[in-house]
Amino acid sequence: MLYSPARRQSSFDPGLVWCAVLLAAIGLVMVYSASVAMASSEKFTGYSASYFLVRHAVYLAIGLAFAAGFFRVPLWLWQKSAPWLFLLGTAVLVAVLVPGLGREVNGSRRWIPLGLGTFQPSEVMKLLVVLYAADYTVRKAAFMDDVRKGFLPMFGVMTLVAALLLREPDFGALVVVTSIAMAVLFLGGLDWRLFAGLAALLAAAFAALIVSSPYRLQRILGFMDPWSDEFGTGYQLSHSLIAFGRGEWFGVGLGASVEKLFYLPEAHTDFLLAVIAEELGFAGVVTVIGLFVFLVYRAFAVGRQAASLERYFAALVAQGIGVWLAVQAFINMGVNMGLLPTKGLTLPLLSFGGTGIVVNCVSLAILLRIDWENRYLMRGGKA
């Protein structure tokens with residue numbers, strides 16, 4: 001026989017795969033619905049109404065191709081490469097700030113032009129932080145209760161990354177990256193008192209960043225009462241809330257959104273959930289939330305299984321990916337619903353985007369690889 005029984009029987013979680021496929025499929029349909037008016041506008045004269053749909057489909061295809069390739073990479077190789085990949089990612093964060101290399105859009109320098117598309121280093125950094133924090137925690141497991149040996153080195157590295165992200169500026173990515181690092185360290189055994197103190201310190205630091213920046217402070221004030229300046233700081237949130245209100249239980253129908261007709265800015269990216277709420281209603285929003293809850297639940301279940309097999313790096317990577325998806329989805333949904341201040345974060349796997357979609361696909365491929373290796377070992381396969 002060509003394959004041993006252990007190899008023949010090994011597989012991965014079909015529920016995890018179908019959940020990701022459904023989210024991507026919903027995103028493909030809703031990106032087209034949310035962007036068709038913009039693609040038909042004078043700004044895109046000469047392009048078809050399916051301009052954003054085609055580009056999004058291409059990004060998904062590229063993401064699936066990368067995912068298929070990276071699924072074959074064993075976890076031990078990711079662990080061995082994690083510090084070097086993190087160093088490379090930090091270098092690219094520096095490169096995007098160099099005039100002539102990084103592209104500035106609306107006052108932010110977050111993208112590197114690559115001919116037909118752009119590359120956003122901060123999106124890749126989210127995955128690299130998961131890998132590096134997991135590797136660091138495993139290597140420093142014996143010192144997780146030691147501030148000098150266990151915590152300060154990681155704190156110094158993350159401070160550098162935070163400074164680079166603030167220079168872009170990309171406050172949303174900073175929040176996500178910080179949440180990932182904190183969660184992985186905590187799950188890896190960081191002393192809870194140190195964790196609580198750091199959380200309080202970070203909260204104070206974020207508050208200082210907001211108060212010291214007039215732009216961020218205006219967003220906070222606009223979030224607290226969007227109707228006090230519905231044509232200024234509260235414009236995005238007020239139209240997002242109108243979209244949610246119009247959707248009611250089952251929506252106004254696919255393609256029938258009014259808010260996407262140049263009322264709601266970034267309808268196909270940051271505020272895609274608002275269009276889903278308007279067209280598919282409460283039922284559509286609950287479906288999307290339910291799929292994300294299941295995806296995150298499975299990520300943590302895969303992590304727990306890896307930990308039971310004493311595969312601690314794999315366990316932390318799986319749970320780190322779960323934290324990343326949960327935090328970013330929660331922030332995006334909170335912004336759309338008026339629960340959080342407006343922040344430029346996309347909805348993973350759904351919103352239009354190039355680098356973000358590709359990195360999401362790669363991260364899920366790594367998660368599936370962890371699950372595959374878990375099942376292979378449980379069926380008697382060799383490590």
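- For residues 289-314, the pairs satisfying salt bridge (charged side-chain N to carboxylate O under 4.0 Å, His left out) are D13-R298, R311-E373, with sequence neighbours left out.
- At a threshold of 4.5 Å between side-chain heavy atoms, the hydrophobic network of Ile, Leu, Val, Met, Phe, Trp and Tyr places L280 and F250 in two separate groups.
- The side-chain hydrogen bond (donor to acceptor under 3.5 Å, both in side chains) check on E104 picks up R109, with sequence neighbours excluded.
- Rounding to the nearest 0.5 angstrom, the gap separating the CG atom in L273 from the CG atom in L347 is 6.0 Å.
- The list of ring-ring contact (aromatic ring centres under 6.0 Å, His included) pairs with a residue in residues 83-108, not counting sequence neighbours, reads F86-Y132.
- No donor-acceptor pair under 3.5 Å is formed between the side chain of Y136 and the backbone N or O of P83.
- Annotation for L316 and G188: closest pair CD2-N, 3.9 Å, computed over non-hydrogen atoms.
- Within the 3.5 Å criterion, the main-chain N or O of L237 finds no donor-acceptor partner in the side chain of S240.
- When all heavy atoms of A274 and L264 are compared, the closest pair comes out as CB-CD2, 3.7 Å.
- When the salt bridge (Lys or Arg N to Asp or Glu O under 4.0 Å) test is applied to R55, no partner is found at least two apart in sequence or on another chain.
- Summarising the geometry, atom CG belonging to L368 is positioned 5.0 Å from atom CG belonging to L16; distances are rounded to the nearest 0.5 Å.
- Cluster partners of L101, using a side-chain heavy-atom cutoff of under 4.5 Å among ILVMFWY residues and allowing indirect links, are V98.
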field: side-chain contact (heavy atoms from CB on, under 4.5 Å) between V293 and I289, worked out
entry: CA-CA 6 Å; V293 169; I289 293 175; 4.2 Å; yes
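- Atom CD1 of I180 sits about 13.5 Å away from atom CD of Q319, to the nearest 0.5 Å.
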Side-chain donor-acceptor pairs under 3.5 Å in residues 19-34, sequence neighbours left out?
from : atom 1 : to   : atom 2 : distance (Å)
S33  : OG     : K260 : NZ     : 3.1
S33  : OG     : E279 : OE1    : 2.8
S33  : OG     : E279 : OE2    : 2.9

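- The ring pair (Phe, Tyr, Trp, His ring centres under 6.0 Å) test applied to F155 returns F151, not counting sequence neighbours.
- Taken from SG in C361 to CD1 in I62, the straight-line distance is 10.5 Å, to the nearest 0.5 Å.
- Counting heavy atoms from C-beta on, the side chains of Y376 and D371 never come closer than 4.5 Å.
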Show which side-chain atoms of residues 111-120 pair as donor or acceptor with protein atoms under 3.5 Å away, not counting sequence neighbours.
from : atom 1 : to   : atom 2 : distance (Å)
W111 : NE1    : Q120 : OE1    : 3.4
Q120 : NE2    : S122 : OG     : 3.4

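- A chain of hydrophobic side-chain contacts below 4.5 Å, direct or via other Ile, Leu, Val, Met, Phe, Trp or Tyr residues, connects V17 to I366.
- In terms of heavy-atom proximity, L128 sits nearest to G89 at CD1-CA, 3.7 Å.
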field: side-chain contact (heavy atoms from CB on, under 4.5 Å) between V288 and M333, intermediate numbers included
entry: CA-CA 10 Å; V288 170; M333 293 176 183; 4.0 Å; yes
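- With contacts defined as side-chain heavy-atom distances shorter than 4.5 Å, the pair R103/R110 does not qualify.
- Between the CG atom of D270 and the CG atom of N336 there is a distance of 8.0 Å, given to the nearest 0.5 Å.
- Listed by first and then second residue, the side-chain hydrogen bond (donor to acceptor under 3.5 Å, both in side chains) pairs that reach into residues 69-82 come to none, sequence neighbours excluded.
- T269 places a side-chain heavy atom less than 4.5 Å from the side chain of E266.
- The list of ring-ring contact (aromatic ring centres under 6.0 Å, His included) pairs with a residue in residues 265-323, not counting sequence neighbours, reads F52-H268, W249-F282, H268-F352.
- Residues V73 and F66 share a hydrophobic cluster, clusters being chains of Ile/Leu/Val/Met/Phe/Trp/Tyr side chains in contact below 4.5 Å.
- Residues passing the side chain to side chain contact (heavy atoms under 4.5 Å, CB included) test with V252 are R246, A256, E278, sequence neighbours excluded.
- Hydrophobic clustering (ILVMFWY, side-chain heavy atoms < 4.5 Å, transitive): L64 and F71 are in distinct clusters.
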- prompt: Stepwise, does the side-chain contact (heavy atoms from CB on, under 4.5 Å) test hold for L174 with D170?
  reply: CA-CA 6 Å; L174 172 61; D170 194 345; over 6 Å; no
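- Within the 3.5 Å criterion, the main-chain N or O of V175 finds no donor-acceptor partner in the side chain of T178.
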task: Assess whether side-chain contact (heavy atoms from CB on, under 4.5 Å) is satisfied between I242 and E259, documenting all intermediate values.
output: CA-CA 8 Å; I242 290 171; E259 287 300 317; 3.3 Å; yes
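- Side-chain contact between V335 and L345 is absent, with no heavy-atom pair separated by less than 4.5 Å.
- In the hydrophobic clustering of this structure, L97 groups with V124; members are Ile, Leu, Val, Met, Phe, Trp, Tyr whose side-chain heavy atoms approach within less than 4.5 Å, directly or through other members.
- The two residues A306 and I370 have their closest heavy-atom pair at CB-CG2, 4.3 Å.
- Considering all non-hydrogen atoms of both residues, L261 and A37 come closest at CD2-CB, 3.6 Å.
- Screening residues 126-140 for salt bridge (charged side-chain N to carboxylate O under 4.0 Å, His left out), with sequence neighbours left out, gives E123-K126, D135-R139.
- Taking CG from L377 and CH2 from W372, the interatomic distance works out to 8.5 Å, rounded to the nearest 0.5 Å.
- At least one side-chain heavy atom of L295 sits less than 4.5 Å from a side-chain heavy atom of L349.
- Looking at heavy atoms from C-beta onward, L364 lies in side-chain contact with L367 at the 4.5 angstrom threshold.
- When all heavy atoms of T346 and N332 are compared, the closest pair comes out as C-ND2, 3.5 Å.
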